[in-house]
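Structure first, commentary second.
All values below come from the heavy atoms of this structure, side chains included, with hydrogens, waters and symmetry mates left out. Every chain is numbered from 1 and lettered A, B, ... according to where its sequence line falls, protein lines coming before strand lines.
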Amino acid sequence: MALVLTNTLGGRKEPFESLVPGEVRMYHCGPTVKEHLNVAKFRSYLLADLLRRCFEYAGCRVVQVMNITDVGQLNEFEEDIVEIAASRTGLSAVELVEKEERIFHADRRALHIRDATHYPRAREHVAEMIAVIADLEKRGRTYEAAGNIYFDIRKSPRFGELAGKPAEDLERLLAGKKQPPGKRHLLDIDLWRRDVLHQTHWPSPWGRGFPGWHVECVAMSRKYLEGSFDIHTGTCENVFPHHECEIAQSEALTGKPLARYWLHTGPVLVDGLPMTRDNRNVMTARQMLDAGFRGSVIRAALLSVHHREVLDFGEAAMDRARPRVNTILAFHEHLKEATTGAPRPELRRKGSPAPWIEETETRFRAALDDDLDYPRALEAVLGAIGKLEPEDIGDPRQALEALERWDRVLGILA
RNA sequence: GGCGGCAUAGCCAAGUGGUAAGGCAACGGUUUGCAAAACCGUCAUCCCCGGUUCAAAUCCGGGUGCCGCCUCCA
């Protein structure tokens with residue numbers, strides 16, 4: 001495997017090499033289960049799934065951790081975002097996150113996203129988060145102000161490296177923003193918020209309250225991946241502040257790089273417009289499934305351009321993806337029919353695969369090795385099927401085997 | 001303002017130094033009782049200007065346009 005990946009940290013393509021030979025360990029930013037997840041989020045989960053499938057295709061062992069955020073966070077008005085969402089539905093915060101977590105798993109299975117190794121829930125890891133904060137405190141990286149605990153960003157000189165922005169730039173941009181009383185520096189990170197007014201709070205050495213925005217992923221990757229791993233993924237919107245803050249905290253803890261490679265999915269538009277609440281064009285996977293679109297078609301549409309590029313999603317994207325999926329399904333059906341019943345004697349002996357299979361395999365692997373180019377890999381298979389004359393198929397069992405092997409990465413059949 | 005991405009026909013799009021895939025649409029034709037379908041055919045000096053090279057959509061520099069991010073999102 002000669003895989004090359006574009007690393008957001010540095011912005012270049014780099015040859016991939018895992019920390020432990022033959023094993024790849026990854027952390028994926030997962031859903032906040034307060035509402036149905038939009039397709040941009042699913043795009044990043046599909047990137048995680050694609051990585052996993054590619055590594056397994058290459059024979060590597062894979063460990064995947066995807067967090068489930070089910071702890072209330074505060075918005076700029078000091079309101080708990082989970083509680084706000086819950087209040088609109090008449091459910092309690094806990095009932096809401098349990099329901100939405102079930103929906104998340106159902107939807108991701110519909111898109112043929114395989115089960116990660118671990119789906120840690122933030123709510124069940126508050127003790128680990130408190131341990132992280134205590135550790136940071138012991139190392140002199142925190143301070144207290146008005147009862148809250150903050151991470152002191154000035155002791156992290158590399159802050160801003162992932163986003164490619166010097167810390168001074170970030171500061172300047174935030175200059176106008178309202179700050180909680182006592183917070184020393186604009187970029188300082190919330191670690192523990194003392195608060196008993198909201199539905200969810202826990203006891204801690206700093207009083208009852210709840211953990212800050214970014215400490216959750218730090219604690220969970222530390223627990224399941226021992227603080228240093230191969231690949232961290234998310235959407236482009238996670239780069240700053242979330243991933244930047246994760247790096248600062250984790251590296252303050254271990255002195256080692258948190259992840260060697262950072263991969264992010266590009267922005268999603270809907271019919272040419274940014275998918276935002278203001279544009280009223282947010283599309284969720286649930287909506288699409290309810291509207292009768294097949295999961296495999298939604299999957300193909302979300303993977304129809306390279307993961308770093310802008311994706312223009314919408315009906316047109318679905319219309320383009322549908323015939324591609326159908327081509328794969330129809331060819332698969334055709335091969336299954338050709339291989340059922342008594343094996344024909346002339347096919348019993350396995351020779352070397354038909355030339356088209358080897359050619360396609362080569363193009364398929366080259367595409368994936370080149371920064372996980374799923375569209376090109378799919379095109380290699382579709383192009384081969386399209387040009388194939390019946391007499392060139394060769395042993396249909398070998399063709400079936402090849403198609404199902406490619407689909408272990410493509411995920412259209414399963 | 002800072003940082004990043006993209007630019008190939010009416011639309012979608014392949015292309016990773018060697019005379020520009022494919023699909024949709026359109027147009028012409030064959031077939032057809034009409035229509036549809038099917039089949040055949042037609043349809044691009046690759047955003048602009050410079051540079052490197054025997055050779056550039058492809059590499060380099062500059063420009064233009066569009067898009068994204070910059071504390072609701074984890």
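Only the P atoms considered, B:G5 is 15 Å distant from B:G63, to the nearest whole Å. Distance noted for atom P between B:C59 and B:A14: 15 Å (whole Å). Across the C1' atoms, B:C60 and B:U52 are found 7 Å apart, a figure rounded to whole Å. B:C47 and B:U8 have their C1' atoms separated by 10 Å, given to the nearest Å. Taking the C1' atom of each, B:U53 and B:G18 are spaced 12 Å apart, rounded to whole Å. Rounded to whole Å, the separation between the P atoms of B:U71 and B:G17 comes to 40 Å. Here the separation of B:U64 from B:C24, taken at their C1' atoms, is 30 Å to the nearest Å. Nucleotides B:A44 and B:A13 are separated by 13 Å at their C1' atoms, to the nearest Å.
Take the nearest nucleotide of RNA chain B for A:V305 and for A:P31: the residue whose nucleotide is more 5' is A:V305. Taking the nucleotide of RNA chain B with the nearest heavy atom to each of A:S304 and A:A163, the more 5' of the two is matched to A:A163.
As a whole-Å value, the separation of A:D312 CG from B:A7 P is 14 Å. Between the CZ atom of A:F151 and the P atom of B:U71 there is a distance of 19 Å, given to the nearest Å. Rounded to an integer number of Å, the gap from CG of A:D80 to C1' of B:C73 is 14 Å. Counting to the nearest Å, the C1' atom of B:C73 and the CD atom of A:E35 are 8 Å from each other. As a whole-Å value, the separation of A:L186 CG from B:C70 C1' is 13 Å. Here B:G23 presents its C1' atom at 15 Å from CZ of A:R322, a figure rounded to the nearest Å. In this structure, A:H243 places its NE2 atom 13 Å from P of B:C73, rounding to the nearest Å. As a whole-Å value, the separation of A:I81 CD1 from B:U71 P is 16 Å.
In this structure, A:K41 reaches the B:A74 phosphate: one of its side-chain N or O atoms is under 4.0 Å from OP1 or OP2.
Across all strands shown, B:U64 forms a Watson-Crick or G-U wobble pair with B:A7, both key distances being under 3.5 Å. Taking a pair to require two hydrogen-bonding distances under 3.5 Å in either a Watson-Crick or a G-U wobble arrangement, B:C46 remains unpaired. As the counterpart of B:G18, B:C54 is assigned, both hydrogen-bonding distances of the Watson-Crick or G-U wobble pattern falling under 3.5 Å. Taking a pair to require two hydrogen-bonding distances under 3.5 Å in either a Watson-Crick or a G-U wobble arrangement, B:A13 remains unpaired. Pairing for B:A38 is with B:U30, a Watson-Crick or G-U wobble pair whose two hydrogen-bonding atom distances lie under 3.5 Å. Checking B:A25 for Watson-Crick or G-U wobble geometry (two distances, each under 3.5 Å) identifies no partner in any strand.
No hydrogens or angles considered: nothing links the side chains of A:E237 and A:H264 as a donor-acceptor pair under 3.5 Å. When only modelled atom types and interatomic distance are considered, A:R208 and A:H201 share a side-chain donor-acceptor pair under 3.5 Å. Of the N and O atoms on the side chains of A:S92 and A:Q199, not one donor lies less than 3.5 Å from an acceptor on the other residue.
Picking from B:C12, B:A74, B:G68 the nucleotide with the shortest atom distance to the side chain of A:L269 gives B:G68. Of the candidates B:A74, B:C70, B:C67, B:C70 carries the atom nearest the A:F240 side chain, counting heavy atoms from C-beta on. The side chain of A:L187 sits closest to B:U71 out of B:U71, B:C67, B:A74. Picking from B:C73, B:C67, B:C12 the nucleotide with the shortest atom distance to the side chain of A:T32 gives B:C73.
Residue-level contact check: A:N38 touches neither bases nor backbone, having no heavy atom under 4.0 Å from any strand. At a threshold of 4.0 angstrom between heavy atoms, the contacts of A:G30 are confined to the sugar-phosphate backbone, with no base atom among them. Residue contacts shown for A:E237 include a base, since a base heavy atom lies under 4.0 Å away.
Residues that satisfy the salt bridge (charged side-chain N to carboxylate O under 4.0 Å, His left out) test with A:K13, not counting sequence neighbours, are A:D370.
For the pair A:R184 and A:Y143, the cation sits on the ring face: its NZ or CZ lies under 6.0 Å from the ring centre, inside 45° of the axis.
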* To do: Determine, step by step, whether A:R286 and A:N38 satisfy the side-chain hydrogen bond (donor to acceptor under 3.5 Å, both in side chains) criterion, reporting the C-alpha distance in whole Å, the side-chain angles of both residues, the deciding distance to 0.1 Å, and the verdict.
  => CA-CA 8 Å; A:R286 178 91 306 217; A:N38 67 49; over 6 Å; no
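Atoms OG1 and CG, on A:T142 and A:D152 in that order, are 8.5 Å from each other to the nearest 0.5 Å.
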